[in-house]
Amino acid sequence: MNSFPQPYRKNSIATVRKSIVGMLIVVSSLSGCTEKEPPKDDTPKVHHDLNVSVTKPVDRDFDAIKRSGVIRMITRYSSNTYFLQQGVERGFEYELVKKFAKENDLALEVVVIGENDNPYDMLNSGEGDLIAANYTITPERKQYVQFTRPYNIVDQVVALPEDLGQSPSSLQDLSDVTISVRRNSSYYHRLMELKRNGYQLNVNLVPDDMDTETLLYEVMNGTYEATVADDNIFQAASKYMGGLTEGPKIARNDTIAWAIRKNADGLKTQMNRFLYKHFRLGGPDEPPKRSAFLNILRKRYFKEGPQIAEYYNPERQFRTSGILSPYDDLIKAIADSADMDWKMVTSVIAQESKFNPNSRSWAGAVGLMQILPRFSTVEESQLYDPETNIREGVRILNEHLDHYAYMDTTNRWAFALATYNAGEGHIADARRLAIDLHRNPNNWDNAEDALLKLMQRKYYQNARYGFCRGIETVRYVREIMNRYETYETILALAEKNRKKQEGIPNIIGLKMFN
């Protein structure tokens with residue numbers, strides 16, 4: 001089978017971890033321990049609360065990131081950070097970081113925080129280059145990372161069920177309410193600070209893989225009495241979760257920023273320049289100033305977003321056939337008949353057309369898999385038919401895979417994808433150049449480097465097919481393979497949790513299925 005069983009690895013890129021266990025709703029038996037009394041020692045145990053083990057960051061600043069051509073974003077899987085909508089990447093944080101990456105001519109890879117992952121360790125070990133997860137700047141976090149300038153200001157609010165009756169209106173009214181939060185959240189540290197200042201608060205600790213969105217759902221569902229959320233996240237969640245009401249604020253004007261390694265001053269400078277164009281703090285009585293782009297993102301993910309709200313509604317039934325795309329069943333059937341991994345085909349379609357069957361490129365490529373009519377025996381008008389288009393795309397991919405059949409699976413797929421994107425001639429030029437440079441032409445890393453060199457006159461002037469926009473092909477291969485890893489994990493975890501939690505609503509799963 002033309003499967004892709006091993007995750008894509010690149011020597012200059014750390015292993016991209018896609019353990020998205022935190023995206024799934026956890027049953028109430030995982031609610032953690034309840035803290036009834038304030039801790040005897042009022043001094044925060046930072047190293048315990050954040051559970052950090054890697055304190056010496058790797059040396060990978062902006063210059064190294066530029067040389068690699070890739071910036072890696074560590075984030076949580078949620079509707080306000082990063083998620084897949086019909087197989088296509090979305091999310092406020094994702095789109096903001098992607099714009100930074102694009103302006104700096106970098107490809108963006110996403111590293112999702114898993115059940116047993118510590119984001120600070122992931123950052124400092126070099127698995128990612130920034131944490132973009134709606135992080136509040138706190139003294140506890142600054143022990144291990146530095147922060148960029150802020151790009152948002154939020155209040156922390158208590159979220160309560162709507163049917164509570166008389167909702168608490170002040171912090172003093174919360175003494176009989178149990179508030180469930182993660183120990184590694186900024187909310188926990190704020191609650192502990194309030195307790196030290198004399199407020200009577202009951203705090204219930206939940207597993208660290210339960211994100212704010214999941215906790216809000218569990219409050220709505222009656223599993224927990226209350227939780228804490230940033231006001232923008234609460235407002236967005238309220239659009240697709242009924243039965244929530246906003247309680248007292250426990251913090252005001254928290255600054256939200258990206259976390260980076262302490263020794264990445266070059267990256268911080270570049271990011272601060274970027275963020276300065278999009279967000280500036282106002283005066284004491286003035287609202288912050290935001291760029292048009294940032295306002296569009298805020299509107300899309302936090303303000304109005306009626307389509308997003310409807311899409312996320314956890315009460316909707318599973319009405320479509322696809323987890324990854326609207327065409328899962330069709331892709332599976334065609335890929336299986338060709339002995340090909342359907343998840344890879346899905347990733348190619350996401351890259352080529354974002355699942356738009358009527359897509360047409362400037363070069364005349366059409367349909368889901370962007371088939372060039374001159375390379376197909378099918379009439380152009382028929383290539384807009386999803387089934388016909390996918391069959392043609394799979395046929396062409398299979399021809400490329402057969403051409404590289406003597407390679408190992410990873411290299412075989414990389415070369416096949418590159419050929420699908422750039423054509424046989426340019427890839428042959430890259431392999432010949434790799435030989436001229438005394439490197440193995442069957443190793444994708446070497447071909448990748450050669451493709452980038454074919455953008456330089458001194459190399460492409462001697463190439464049979466001339467100039468090649470190699471950076472586009474390099475990114476094409478990287479993004480498809482990394483998206484494939486995400487698909488693999490989502491499918492495996494969805495199946496595992498379906499069996500384990502039959503009948504339990506799954507808000508993130510519904511994002512996949514609806």
Side-chain angles (χ1 to χ4, degrees), residues 10-17 50 52-75 81-82 92-113 117-152 255-281 290-291 293-294 297 445 448-449 452-453 455-456 470-472 474-475 478-479 482:
K10 177 158 170 50
N11 294 336
S12 63
I13 300 178
T15 298
V16 180
R17 194 173 308 194
L50 298 184
V52 174
S53 59
V54 179
T55 56
K56 185 177 181 181
V58 299
D59 186 14
R60 179 177 157 87
D61 204 348
F62 187 69
D63 288 344
I65 293 170
K66 283 290 288 182
R67 286 194 298 272
S68 73
V70 177
I71 187 166
R72 301 187 296 268
M73 161 189 167
I74 299 168
T75 192
T81 53
Y82 169 80
F92 176 88
E93 297 283 0
Y94 173 77
E95 291 202 39
L96 189 59
V97 177
K98 187 175 182 179
K99 187 170 182 65
F100 169 80
K102 184 176 181 180
E103 289 186 8
N104 287 276
D105 201 25
L106 294 167
L108 174 61
E109 291 181 4
V110 177
V111 185
V112 176
I113 302 168
D117 291 333
N118 183 294
Y120 309 100
D121 287 346
M122 295 167 76
L123 177 68
N124 286 323
S125 67
E127 191 168 346
D129 299 309
L130 75 152
I131 303 174
N134 200 69
Y135 267 22
T136 302
I137 300 174
T138 67
E140 294 79 18
R141 289 169 173 166
K142 288 173 74 172
Q143 298 263 347
Y144 301 104
V145 298
Q146 64 174 325
F147 285 91
T148 63
R149 61 180 293 119
Y151 55 89
N152 203 3
T255 49
I256 305 297
W258 291 333
I260 58 177
R261 287 180 286 272
K262 282 191 170 185
N263 60 355
D265 291 335
L267 178 60
K268 181 177 181 179
T269 298
Q270 294 297 323
M271 288 186 157
N272 282 347
R273 288 174 180 168
F274 169 79
L275 293 172
Y276 182 76
K277 296 185 297 183
H278 296 286
F279 184 88
R280 301 179 197 177
L281 294 172
R290 295 181 172 90
S291 69
F293 173 75
L294 198 59
L297 291 188
D445 286 353
E448 183 179 89
D449 180 64
L452 296 175
K453 283 182 167 57
M455 297 174 66
Q456 303 174 34
I471 192 168
E472 291 185 3
V474 167
R475 288 177 178 172
R478 286 177 180 172
E479 290 175 8
N482 284 307

Is the shortest side-chain heavy-atom distance between [X] and [Y] below 4.5 Å?
| X | Y | answer |
| --- | --- | --- |
| Asp129 | Ile260 | no |
| Val145 | Tyr120 | yes |
| Ile471 | Asp105 | yes |
| Arg280 | Tyr276 | yes |
| Leu267 | Arg261 | no |
| Arg141 | Phe147 | yes |

Under the side chain to side chain contact (heavy atoms under 4.5 Å, CB included) rule, collect the residues that match up with [X], sequence neighbours excluded.
| X | value |
| --- | --- |
| Leu106 | Phe62, Ile65, Lys66, Ile71, Ala101, Asn104 |
| Asp121 | Val52, Ser53, Val54, Asn118 |
| Asn152 | Val154, Asn232, Ile256, Arg290, Arg298 |

Nearest heavy-atom neighbours spanning [X] and [Y]:
| X | Y | result |
| --- | --- | --- |
| Asn124 | Tyr144 | ND2-O, 3.3 Å |
| Thr255 | Pro150 | CB-CB, 3.9 Å |
| Gln146 | Lys262 | NE2-O, 3.2 Å |
| Glu127 | Val111 | O-CG2, 3.7 Å |
| Ile131 | Pro119 | CD1-O, 3.5 Å |
| Leu275 | Arg149 | CD1-O, 3.3 Å |

Please report the interatomic distance [atom1]([X]) to [atom2]([Y]), rounded to the nearest 0.5 Å.
| X | Y | atom1 | atom2 | answer |
| --- | --- | --- | --- | --- |
| Glu448 | Arg478 | CD | CZ | 4.0 Å |
| Tyr135 | Thr81 | OH | OG1 | 10.5 Å |
| Asp61 | Gln270 | CG | CD | 9.5 Å |
| Tyr82 | Ile74 | OH | CD1 | 14.0 Å |
| Phe293 | Glu95 | CZ | CD | 6.0 Å |

Other residues, nucleotides, ligands: >12 heavy atoms within 6.0 Å of Lys98 NZ: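 At most 12 heavy atoms, drawn from other residues, nucleotides or ligands, come within 6.0 Å of this atom.
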
Neighbour count >12 (heavy atoms, 6.0 Å) for atom NZ, Lys277: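 Atom NZ in Lys277 is packed in, count exceeds 12.
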
No-hydrogen, no-angle side-chain donor-acceptor test under 3.5 Å, Tyr151 and Glu93: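 Indeed, the side chains of Tyr151 and Glu93 share at least one donor-acceptor pair under 3.5 Å.
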
Keeping the roles fixed (side chain from [X], backbone from [Y]), state whether a donor-acceptor pair exists under 3.5 Å.
| X | Y | value |
| --- | --- | --- |
| Asn482 | Glu109 | no |
| Thr136 | Thr138 | no |
| Thr148 | Ala257 | no |

SB check Glu103 Arg273 (cutoff 4.0 Å):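 Here Glu103 does not pair with Arg273 in a salt bridge, since their nearest N and O are not under 4.0 Å apart.
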
NZ/NE/NH1/NH2 to OD/OE distance under 4.0 Å, Asp63 and Arg67: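 No.
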
Audit row: Tyr94, Leu108, side chain to side chain contact (heavy atoms under 4.5 Å, CB included) steps and yes/no: CA-CA 9 Å; Tyr94 173 77; Leu108 174 61; 3.7 Å; yes

Verdict with supporting geometry, Leu96 and Leu294, side chain to side chain contact (heavy atoms under 4.5 Å, CB included): CA-CA 8 Å; Leu96 189 59; Leu294 198 59; 4.1 Å; yes

